[in-house]
Amino acid sequence: MSLITLIPLFPLIGFLINGIGFNIVPKNLAGIISTAAALASFCCAVVLFMNFSGEVQIAKVFDWITVGKLNISMSFQIDQLSLLMLLIITGVGSLIHIYSMGYMSHDAGYGKFFSFLNLFLFFMLLLVMGSNYVVMFIGWEGVGLCSYLLIGFWNKNTNYGTAARKAFIMNRIGDLGFLLGIFMIISHFGSVEYLDVFEDLGHGTVAGDKTIMWITLLLFIGAMGKSAQIPLYTWLPDAMAGPTPVSALIHAATMVTAGIYMVIRSNALYSLAPETLHIVGWVGLATALLAASIGIFQNDIKKVLAYSTVSQLGYMFMGLGVMAYSSSFFHVMTHAFFKALLFLGAGSVIHAMSDEQDIRKMGGLRKALPITFWTFLIATIAISGIPPFAGFFSKDEILAHVYEHSPLMWGLALAGSVMTSFYMFRLLFLTFFGEFRGTKEQEHHLHESPLSMTLPLMILAVLSAVGGFFNVPHLLGGDSKLANFMAPLFAHSHAVAHAADESLEKTLMIISVIAAILSAGIAYYLFIGKKSVPVADSKVAGLQKVIYNKYYIDELYDTIFVKPISALSKFFYSVIDFLVIDLAIEGIGKLVKGLSSEARLMQDGRTGVYLFVMVLSIAVIIVWTLKDFILVGFK
Amino acid sequence: MNSIIALSLFGIANLFLGFLNNRKILMPATLAFILFALGLNLADWNTEVLWFNNMLRTNNLSVNFTTVILVATLLVVAISRGFGDDEEHSHPAEYYAIMLFSVVGAIMMVTFENLLMLFIGLEILSVSMYVLTGSDKRNLRSNEAALKYFLMGAFATGILLFGVALVYGATGSFSIYGIGNFVTENRMGQSEITPMLYVGILLIIIGLLFKVSAAPFHFWTPDVYEGAPTIFTAFMSTVVKTAGFAALYRLLSVSFVGEYGKWVYLLYFLCAATLIIANITAVYQQSFKRMMAFSSISHAGYLLMTVTSNQATTQSSILFYSLAYSIATVTAFAVMILVSENKTSNGKPDESFDAFKGLAKNNPLLAFALAVSMLSLAGIPLTAGFWGKFFIFSDAFKRGLILDLIVAVLMSAVGVYYYFKPIIASYMKEGNIQEITIKPIYKLTLIITTILTILLGLMPDLVKSIF
């Protein structure tokens with residue numbers, strides 16, 4: 001068995017052991033098994049990466065379905081893209097497994113949690129390793145399932161269950177688009193293998209082909225659901241109901257970037273569909289702005305981070321929209337580091353605060369939680385795009401390419417990045433500076449988290465700090481390592497955005513850094529200088545109230561979609577179902593039963609009758625077959 | 001081919017083993033014999049040999065069919081439990097020997113090159129079956145079933161033999177390729193084909209249709225299946241059906257393919273009739289065994305569909321379907337044997353659906369195995385039966401057998417009704433079945449068949465690519 005197959009196999013085994021033996025495996029062992037599985041996969045991924053020759057490798061496990069000329073096999077593709085995704089998923093995944101051993105230690109569903117986490121890893125690995133769209137779809141659905149299971153992990157709370165269902169349903173809407181896209185690929189190309197499809201594209205498909213446009217658009221609908229873009233983004237903030245490590249792993253670092261992975265994987269298709277790219281770019285931008293503006297007024301530590309995730313995903317799609325594929329991927333990578341770190345830091349805070357998530361009740365935590373504070377600070381600087389931390393490099397690359405495409409888009413994106421910096425520093429200041437605003441009991445209980453939780457924080461902090469150096473642009477004396485490494489992936493794309501003019505790039509860079517620092521300064525002035533604290537929910541008014549309530553988008557969806565559909569459903573239930581379907585079905589049932597009670601009488605047990613019927617039938621058959629000869633005889 | 005010789009010898013050996021007053025070694029010995037024969041059979045893979053002056057032909061097709069037959073036999077023997085503890089009235093050595101002999105007949109039916117061999121194989125198989133059906137000597141129903149089976153079977157044999165004679169008269173050949181060449185050349189030469197050949201072809205087809213219990217030649221099936229001891233019902237419904245279809249397919253695709261237009265309508269309508277009669281009648285049955293009899297008729301209908309379509313993929317469809325069907329049927333009967341013995345009504349085993357009530361509570365394995373086998377027979381996805389049906393439907397679609405397809409789809413829906421009855425009884429009804437003790441080999445067989453059904457449902461290509 002090759003190394004490639006082993007990678008998804010480890011988490012699957014981990015899931016089977018913990019899942020089937022959940023009441024046999026001792027509690028301590030469950031965490032160790034799962035973490036070991038994740039680490040083993042990580043090691044395999046590293047070895048693969050070290051030995052990677054630049055050639056695409058396909059590892060076929062078995063032929064899955066053969067229908068007509070279509071052959072769908074369970075096979076894995078190892079190339080630059082899947083290798084990088086593998087490293088991120090297994091690497092960050094392992095850290096979060098370690099973290100969870102500390103974070104979930106008091107939870108009754110410890111074993112269940114780890115088995116779900118392993119199952120998630122397995123599906124996520126299938127998603128990025130599959131060599132065709134169907135395997136990707138299996139992973140795609142699988143991670144959706146795991147996300148559902150983990151959001152509703154504390155299923156005794158009805159709200160959490162509702163949040164899980166919301167996530168699942170919204171994802172299913174996207175999945176329908178994705179599935180239709182796959183069907184179109186099958187009917188148009190006759191294969192679902194990436195290599196075949198992209199090879200086929202080389203044979204004279206021109207940009208603007210309508211079929212390609214529809215395929216890419218449908219696939220993008222899938223990405224909207226999974227990667228939380230307008231209009232299917234509202235599930236992600238609610239998904240914070242799950243345990244915090246889950247938010248970090250699934251709803252920030254890995255699963256939600258599946259949409260971006262898919263677009264990069266299909267870059268050959270997308271590059272031939274300028275209309276779709278246009279839509280992708282603007283949807284991304286709109287999402288980035290909308291989510292960032294909501295983030296400014298949120299008071300739940302995880303909600304702020306959730307909107308920030310939606311907003312950052314918007315940036316990535318914006319990058320894809322201008323064909324800056326490697327830049328977007330770079331951002332996926334750095335984002336995985338600093339957003340996982342932010343969530344885990346938030347988890348550490350919540351753990352210390354005895355499950356309090358409202359930042360209005362925190363403050364001054366930097367003394368009690370030094371490691372959490374310093375790592376959180378690094379992540380905040382990184383996400384705000386202030387050099388030299390990771391976010392600066394990746395975000396500026398995207399912004400530079402966006403400027404090339406359209407200065408207007410760049411201006412709006414810059415506004416978004418100003419907001420990002422503001423709400424992140426607001427969060428930092430309110431949580432870690434000033435006076436403690438919680439109860440005495442909480443204050444007494446404050447403690448730094450155990451090593452199993454702080455160790456991942458520190459590792460991720462280092463990565464967030466230096467992650468940007470993987471792809472230092474020429475302008476700053478680097479050699480764009482990552483972009484060069486990924487270049488072969490875009491061989492099939494006819495036009496990929498090229499690096500921007502250097503002097504222009506420099507100007508843009510300086511502007512965005514100044515803007516980010518300024519907005520951090522405003523946050524400092526407001527929340528440390530003036531020591532203001534967001535007001536209680538009831539006192540929020542005006543425009544702020546609209547934004548605080550997320551522009552009432554949930555309510556809007558409820559009115560436009562949910563209520564009419566449930567009304568329609570009630571109508572069908574009480575009228576159509578009862579009068580039409582029930583009657584028809586029961587009618588058919590009665591008819592069949594009636595016929596049956598007659599037919600069984602033919603079988604009366606008398607051999608003579610049986611033989612008579614047989615002989616009669618034989619006679620009829622022979623006469624009927626020979627009717628030509630017989631008629632000739634009469635003539 | 002070597003498996004025929006080996007099995008004949010093993011049958012005789014089994015009779016001698018009967019002299020050792022030790023019943024316990026019979027079943028393991030038989031299992032070993034069958035496994036050995038299976039090995040011999042697989043050794044013929046990728047060789048094409050004619051045996052005994054062009055009487056039998058072994059090739060990959062025959063190896064595949066033989067494998068399916070031997071696997072089904074293996075499973076049936078594995079659940080036979082040495083034929084009970086009735087020292088005085090049961091004769092396990094003879095039963096096993098007859099089973100082995102009948103398998104010899106079945107293998108001849110899939111390897112025949114000469115119509116005489118088909119006839120001999122068919123007779124070996126049928127006569128063995130008459131005996132096995134009546135093996136429960138003190139049971140009136142068993143006797144009645146055997147007599148009925150014999151009377152009607154003899155009648156069908158006569159028809160088949162008459163057909164063989166007529167075909168010989170018209171073509172001057174017993175060899176299936178000889179007949180095939182004659183039929184095709186006549187077609188090419190536009191020369192007059194005599195009614196004698198047509199009648200001969202029709203009578204041979206009808207004779208075989210009787211054996212695979214297609215309507216309107218199916219009347220014996222419910223009575224015989226119900227009367228025969230359950231273990232032999234399982235044997236009959238798997239081995240006989242597979243061998244019958246193998247023979248029918250070889251004849252139609254090799255000998256009579258030149259006159260496709262003449263027999264296709266016959267099969268086209270009989271297929272629809274079989275499906276309708278079997279499924280509709282099955283709905284009203286209260287006895288599980290009788291329901292399985294109608295189910296077996298309906299599966300003959302599905303298999304007829306792919307034979308009628310006469311596509312290149314037909315042989316692999318028949319093989320896959322037969323395998324899926326045999327595995328599921330053996331499982332279902334295996335569960336039924338245990339449950340009905342456990343619950344008697346009026347001193348006899350209770351074979352109605354009611355016997356399964358509440359099975360899942362104390363016997364989860366039995367209930368699960370039963371459910372999987374029923375789902376497979378109904379053709380629900382993720383089971384082998386689904387792909388079996390799928391392949392058959394796609395063959396029929398390629399040939400454009402629209403009427404059959406519509407009927408088959410509708411009747412599959414009807415099938416769900418009666419296949420779900422035992423599942424509902426075992427999972428949703430209240431009942432008082434205590435935990436049934438199962439012997440290890442029996443349990444193992446159930447587990448293997450259940451896993452196989454699901455595995456083939458997940459990865460049909462695992463086997464389909466071989467066929």
Side-chain angles (χ1 to χ4, degrees), chain A residues 60-75 134-135 138 584-634, chain B residues 144 147-152 155-156 159 193-195 198-199 201-203 205-207 209-210 215-223 262-263 265-266 269-270 273 276-285 290 293-294 387 390-391 394 398 410-411 413-414 417-418 458-462 464-465:
Chain A
K60 190 161 171 182
V61 186
F62 55 85
D63 270 327
W64 188 31
I65 302 173
T66 309
V67 182
K69 283 180 191 138
L70 180 69
N71 176 19
I72 299 170
S73 62
M74 178 57 87
S75 53
V134 178
V135 177
I138 300 172
I585 297 286
E586 278 176 22
I588 292 172
K590 280 195 182 128
L591 181 75
V592 170
K593 268 196 150 175
L595 280 175
S596 181
S597 73
E598 294 299 316
R600 108 201 131 95
L601 298 179
M602 284 201 308
Q603 200 76 41
D604 68 349
R606 283 185 292 171
T607 318
V609 177
Y610 295 171
L611 286 178
F612 179 71
V613 176
M614 274 173 61
V615 172
L616 201 65
S617 316
I618 294 172
V620 169
I621 289 167
I622 288 178
V623 169
W624 182 71
T625 314
L626 296 185
K627 58 185 182 298
D628 297 342
F629 293 102
I630 296 169
L631 288 177
V632 169
F634 276 115
Chain B
E144 182 194 331
L147 188 62
K148 265 187 191 167
Y149 194 12
F150 170 66
L151 282 177
M152 301 187 69
F155 186 79
I159 289 172
I193 285 192
T194 54
Y198 283 139
V199 177
I201 293 175
L202 290 178
L203 291 182
I205 292 177
I206 288 168
L209 287 181
F210 173 88
F217 314 110
H218 67 284
F219 290 102
W220 59 275
T221 319
D223 295 2
K262 273 292 167 190
W263 50 263
Y265 290 104
L266 170 68
F269 289 116
L270 290 191
I276 293 173
I277 291 176
N279 283 294
I280 297 282
T281 319
V283 166
Y284 219 84
Q285 302 305 322
R290 227 173 146 76
F294 284 104
W387 290 108
F390 178 82
F391 296 137
S394 56
K398 275 182 234 154
L410 289 178
M411 289 305 139
V414 174
Y417 176 84
Y418 57 83
L458 292 173
M459 286 173 277
D461 275 352
L462 218 58
K464 175 91 169 156
S465 53

Quick check on A:L626 against chain B: is it the side chain, the backbone, both or neither that has a heavy atom closer than 4.5 Å?
side chain
To the nearest 0.5 Å, tell me how far [X] [atom1] sits from [Y] [atom2].
| X | Y | atom1 | atom2 | value |
| --- | --- | --- | --- | --- |
| A:L595 | B:I277 | CG | CD1 | 11.5 Å |
| A:T607 | B:E144 | OG1 | CD | 7.5 Å |
| A:I618 | B:I206 | CD1 | CD1 | 5.0 Å |
| B:L209 | A:I621 | CG | CD1 | 8.0 Å |
| B:D461 | A:I72 | CG | CD1 | 10.5 Å |
| A:Q603 | B:R290 | CD | CZ | 5.5 Å |

Considering only heavy atoms, which portion of [X] lies under 4.5 Å from any heavy atom of chain A: side chain, backbone, both, or neither?
| X | value |
| --- | --- |
| B:V414 | side chain |
| B:F155 | side chain |
| B:L462 | neither |
| B:I159 | side chain |

Does the B:T281 side chain pair with the main chain of A:R600, one donor and one acceptor, at a distance under 3.5 Å?
no
Which atom pair, heavy atoms only, marks the closest approach of B:L203 to A:I622?
CD2-CD1, 4.0 Å
Search all heavy atoms of A:V613 against all heavy atoms of B:F219 and return the closest pair with its distance.
CG1-CE1, 3.5 Å
Answer yes or no: are there more than 12 heavy-atom neighbours, outside A:K590 itself, under 6.0 Å from its atom NZ?
no
If you count heavy atoms of other groups shown closer than 6.0 angstrom to NZ of B:K398, is the number above 12?
yes
Quick one: does A:T625's side chain get under 4.5 Å of B:L266's, heavy atoms only?
no
Indicate yes or no: at least one non-hydrogen side-chain atom of A:M614 is less than 4.5 angstrom from one of B:M152.
yes
Looking at A:F62, A:Y610, A:W624, A:W64, which one has more heavy-atom pairs under 4.5 Å with chain B than the rest?
A:Y610
